[in-house]
S.K.: 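Input: one structure, supplied below.
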Amino acid sequence: MAQPALQKLMRIEPWLKRSVPVLIFVFLLVVMSARALWLINERAEVDNVGRASLELMAGRAANAITSAELTGFPVTSAGDIERLLIRELPRNAIADGRYFIVADAANTVIAQRGGTTDRRGLDAPTLLEGGQPLLLFGTGAGVGSITVDDVPYLGACAKAVTGGLTACAVQSRDALMAGWQSDVSINIALFAAMAGTMLVLLYAYYAQISRTSEADQLFEDMQQSVDTALQRGHCGLWDWDLARGRIYWSRSMFAMLGYDAAEEVLSFHQLGALIHPDDNNLIDIAEEAVSEEISSMDRHLRMRHADGHFVRMRVRTEIVERAGSRHLVGIAVDVSEQDRLKQISKRTSANLTAALESTSESFAIWDANDRLVLCNKKFFQFYGLTPDTLPIGTPRDQFMKIMRQPIHEIVIQNGGHTGRSRTVQRQIADGRWLQINDRTTPDGGTISIGADVSKLKQEEEKALQSEQQLMASMETLSQMQRKEQEKAEALEELNSRFLAEKERAEAASQAKTEFLANVSHELRTPLNAILGFSQMMQQQTYGPLGSDKYDEYIGDIHESGAFLLNVINDILQVSRIEAGTFEMECEDVNLSELASETVQMLAVQAEQKNISVVTEISDGMYLSADRRALKQILINLLSNAVKFTGDAGQVTIRAKCVGGKSI
């Protein structure tokens, strides 16, 4: 079978000898050109990514400063700014020769993160040579080339909305391009190695073809290589001599069926004994081939393995005229594994379809051309459609025209320059709110998932009403404070009129002033907790409302509001205390619960200073006391402890029984 091919190879061998060097040269030239273009594109990509990252980090630093100002925690010192940068910027922000500086309104560097040299106190325009436009226009100037200590850098600046501060990110060009330069060196080395290898192969090729005495061995090696490749590919050669009724099989064919290749030619009877009775129509195939009714054969045959089981083979052959005889020549491939995978894929597809139909959310997949690929019944219900009006393959533009149009739409998140990935909320005619999440797939398509969020919207409205009620309560407290101030002024006037009671009036005025200071302090503590937790719920820090974490925050807000009510009651009872008619309401107080409530009210203040508050009180410890007064005492003690404890410190609350009493 290989003899004709070998003769053709011998005739074209001289031309092949002459063309090999040219082909190798062209190949090396193409490879070199391709790698050079790749390196040029990679350098541009590294520069673009570095600039985008620099501008993004500068903007993030400025936004962090602005956010701190707007949320009531202004940065007032270089240490505050540097700690803010450490917390807000990622850990790798100062890697690869990058560092950050913050300049005040006078362009003086007041804070720095990263870098090997302390730049604080320097004039920013002098330090960033050529960076005056960046300092002047901020993000409007983009990313510019600057010089720092006679070294080329990239710089990006962003101005904080409040405070007159400017955050600048500085990136060393040499550090930015270090990875690309390493790639250039590696590519040069690899190209040199490949060129050397190709030259060595060229020498080996000419040396090999000159050894004509080893032609027979080479032929055998080639035949062995073909057999090995066929065996590795789970396929075998098939040559059916129709006139003589003999079938030639390659060794790989015998190996696939588990037989020893003692004889590579089978008789018609031997082959028929190996084929499954339901597939054994070889006689019909031979007759059709001889009568020229067919010119090729593509059949699936089950053939008996040496172990007794049947292997599914796909035999693909064509009729070839050879020496006046017809041959069906082709290959046979083991497709047993392919059939098994098809069955698995079919079951998986059925399970996926069942899962999509059982979910309470709508689901649809659009391909890269925005055509419908798959959807479930919930998808039709959400948009008021039927499978007849929206068949598979419908363009998305057409779907947008025929779907049930919303009466109101809110875009919550819109990411990506293509606009394909986004999250929107739509209110339909029956008053329900639907949230649609569109996400881009790796192949350029879109997955659309919809859910009914009507209950979530109702909870948002309730939270807004609670916030309005809280603001009204705060206004009432402010009016009461003004009244207390007016009362203090009246006492002062009374003190001037009645000189005989001067000493007693002065003592009462001093007590009143201290009491108002304590009231102001006590009002600030629960208000901070209320504002902090409500702000986290408003920003949805832990995702959409409905999270268990928000339930915990709602409890904290309620507890802080109750505490404010107790403080107001304390204010109203001032007159009782002065008159000596105030009475303690003693009860059995669980010290562990009381301490936990107090710690929760001051959690926001402790988190701002990174202070951990530890409670070491057993659950079964009780104390007979006025709960409100005892809680006021614990709040005063714990608030002062947090206030005068350094950052990243620890405050511990302990209680124990001594002689039958809790201390």
Side-chain angles (χ1 to χ4, degrees), residues 24-62 85-86 88-103 109 112-119 122 124-135 137-139 141-158 166-202 416-417 442:
I24 291 178
F25 175 79
V26 172
F27 172 76
L28 292 176
L29 183 61
V30 171
V31 171
M32 181 180 67
S33 301
R35 297 310 297 174
L37 290 175
W38 181 84
L39 289 171
I40 292 172
N41 293 334
E42 184 186 38
R43 189 182 190 281
E45 183 178 359
V46 170
D47 185 75
N48 292 337
V49 172
R51 288 173 178 268
S53 176
L54 204 62
E55 188 174 9
L56 179 63
M57 291 188 180
R60 184 170 180 178
L85 293 179
I86 292 174
E88 294 297 329
L89 295 178
R91 294 183 179 178
N92 62 348
I94 58 175
D96 300 330
R98 184 168 52 237
Y99 64 91
F100 298 83
I101 61 172
V102 178
V109 180
Q112 174 180 345
R113 184 186 179 201
T116 58
T117 304
D118 189 1
R119 313 289 185 179
L122 298 179
T126 303
L127 173 63
L128 307 177
E129 183 178 353
Q132 185 66 31
L134 301 177
L135 294 168
F137 298 105
T139 55
V143 180
S145 298
I146 59 175
T147 303
V148 179
D149 297 337
D150 297 330
V151 178
Y153 276 77
L154 291 175
C157 296
T166 302
C168 296
V170 183
Q171 169 72 62
S172 170
R173 275 187 174 274
D174 293 338
L176 180 62
M177 293 297 173
W180 177 82
Q181 292 173 353
S182 176
D183 288 344
V184 171
S185 300
I186 292 174
N187 275 272
I188 292 174
L190 290 176
F191 180 79
M194 184 180 63
T197 303
M198 295 299 292
L199 293 176
V200 172
L201 291 175
L202 181 61
H417 67 278

S.K.: Of all heavy-atom pairs between L135 and P125, which one has the smallest distance, and what is that distance?
M.R.: CD1-N, 3.6 Å

S.K.: Supply the atom-to-atom distance C168 SG to I146 CD1, rounded to the nearest 0.5 angstrom.
M.R.: 8.0 Å

S.K.: Nearest 0.5 angstrom please: L89 CG to L56 CG, how far?
M.R.: 9.5 Å

S.K.: Between the main-chain N or O of L176 and the side-chain N or O of R98, is there a donor-acceptor pair closer than 3.5 Å?
M.R.: no

S.K.: Give me the atom names and distance for the closest heavy-atom approach of F100 to A93.
M.R.: CE1-O, 3.4 Å

S.K.: Determine yes or no for a side-chain-to-main-chain donor-acceptor pair under 3.5 angstrom, with T197 supplying the side chain and A193 the backbone.
M.R.: yes

S.K.: What distance do T117 atom OG1 and Y99 atom OH have between them, rounded to the nearest 0.5 Å?
M.R.: 7.5 Å

S.K.: Taking the side chain as everything from C-beta on, heavy atoms only, tell me whether Q181 gets closer than 4.5 Å to S185.
M.R.: no

S.K.: Using a 3.5 Å distance criterion without hydrogens, assess whether the side chain of Q132 forms a donor-acceptor pair with backbone atoms of L134.
M.R.: no

S.K.: On a heavy-atom basis, which atom in L28 and which in A195 lie closest, and how many Å separate them?
M.R.: CD2-CA, 4.0 Å

S.K.: Evaluate the side-chain contact (heavy atoms from CB on, under 4.5 Å) criterion for residues M194 and L190: first the C-alpha distance (whole Å), next the side-chain angles of each, then the deciding distance (0.1 Å), finally the verdict.
M.R.: CA-CA 6 Å; M194 184 180 63; L190 290 176; over 6 Å; no

S.K.: Just how far is it from atom CD1 of I40 to atom CZ of R43, taken to the nearest 0.5 Å?
M.R.: 10.0 Å

S.K.: Supply the atom-to-atom distance L127 CG to Y153 OH, rounded to the nearest 0.5 angstrom.
M.R.: 9.5 Å

S.K.: Measuring only between side-chain heavy atoms, which start at C-beta, is S145 closer than 4.5 Å to L154?
M.R.: yes

S.K.: Rounded to the nearest 0.5 Å, how far apart are CG of L122 and CG of L128?
M.R.: 10.0 Å

S.K.: Do side-chain atoms of E88 reach the backbone of A62 as a donor and acceptor pair under 3.5 angstrom?
M.R.: no

S.K.: Could you pull out the closest heavy-atom pair between L39 and W180, with the gap in Å?
M.R.: O-NE1, 2.8 Å

S.K.: Could you walk me through whether R35 and F191 pass side-chain contact (heavy atoms from CB on, under 4.5 Å), step by step?
M.R.: CA-CA 9 Å; R35 297 310 297 174; F191 180 79; 5.8 Å; no

S.K.: Are any of the side-chain heavy atoms of N48 and E45 separated by less than 4.5 Å?
M.R.: no

S.K.: Give me the atom names and distance for the closest heavy-atom approach of G114 to Q112.
M.R.: O-NE2, 2.8 Å

S.K.: For R173, enumerate each residue passing the salt bridge (charged side-chain N to carboxylate O under 4.0 Å, His left out) test, keeping only those at least two apart in sequence or located in another chain.
M.R.: D47

S.K.: Compare every heavy atom of L85 with every heavy atom of A61, then report the nearest pair and how far apart it is.
M.R.: CB-CD2, 3.6 Å

S.K.: Within the distance-only criterion (no hydrogens, no angle test), does the side chain of E55 pair as donor or acceptor with the backbone N or O of V143 below 3.5 angstrom?
M.R.: no

